[in-house]
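Position 1 is the first residue of the sequence; numbering continues from there. Computation of the quantities below employed the complete heavy-atom set of this structure, encompassing side-chain atoms and omitting hydrogens, waters and symmetry-equivalent molecules.
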Amino acid sequence: MRGRERLLNAVTYVGLIVLTLGILTFIAGLIVNGFSILVPVGIGTSVGAVFIFLIGVFLVVTDEMLEKSYIGTKVVPMKSKKGAPIQ
């Protein structure tokens, strides 16, 4: 459980830092006249931060579901009648 918390916290902080950089880059591209190339870079960085966060959350949720799914169910073999093929 502790490992999942640490991964989720790390993904949150990295996503937040990259999102902040993307927003600042986008705003700088809008305000400063000579740096119009920064607008698409800021948009791409912000979208990338969202994807980083979503992939991290997906990994944490997948790990949790895999851990809970190994409880399993008991499989009992069927008793076949004499002479009948088992399918």
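- Hydrophobic cluster of Ile55: the remaining members, joined at side-chain heavy-atom separations below 4.5 Å, are Leu59, listed by chain and number.
- Both Phe53 and Val61 belong to a single network of hydrophobic side chains, linked directly or stepwise wherever heavy atoms of I, L, V, M, F, W or Y lie under 4.5 Å apart.
- Of all the heavy atoms in Arg4 and Val60, the pair that sits closest is CD-O, 3.8 Å.
- The structure places OG1 of Thr12 at 11.0 Å from CD of Glu5, a figure rounded to the nearest 0.5 Å.
- When the side chains of ILVMFWY residues are joined at heavy-atom separations under 4.5 Å, either directly or via intervening members, Met65 and Val11 end up in a single hydrophobic cluster.
- Of the options Thr20, Thr45, Val41, a side-chain contact (heavy atoms from CB on, under 4.5 Å) to Thr25 is made by Val41 and by none of the others.
- Applying the side-chain contact (heavy atoms from CB on, under 4.5 Å) test between Leu54 and each of Ile52, Val57, Val50 identifies Val50 as the sole match.
- Taking a 4.5 Å side-chain heavy-atom cut-off between Ile, Leu, Val, Met, Phe, Trp and Tyr, the cluster of Leu21 extends to Ile17.
- The two residues Gly15 and Ala49 come nearest to each other via the heavy atoms O-CB, 3.5 Å.
- Note on Leu38 and Ile31: separate hydrophobic clusters, where clusters join Ile, Leu, Val, Met, Phe, Trp and Tyr whose side-chain heavy atoms are under 4.5 Å apart, directly or indirectly.
- Grouping the Ile, Leu, Val, Met, Phe, Trp and Tyr side chains by contacts below 4.5 angstrom, directly or via other members, places Ile43 with Leu30.
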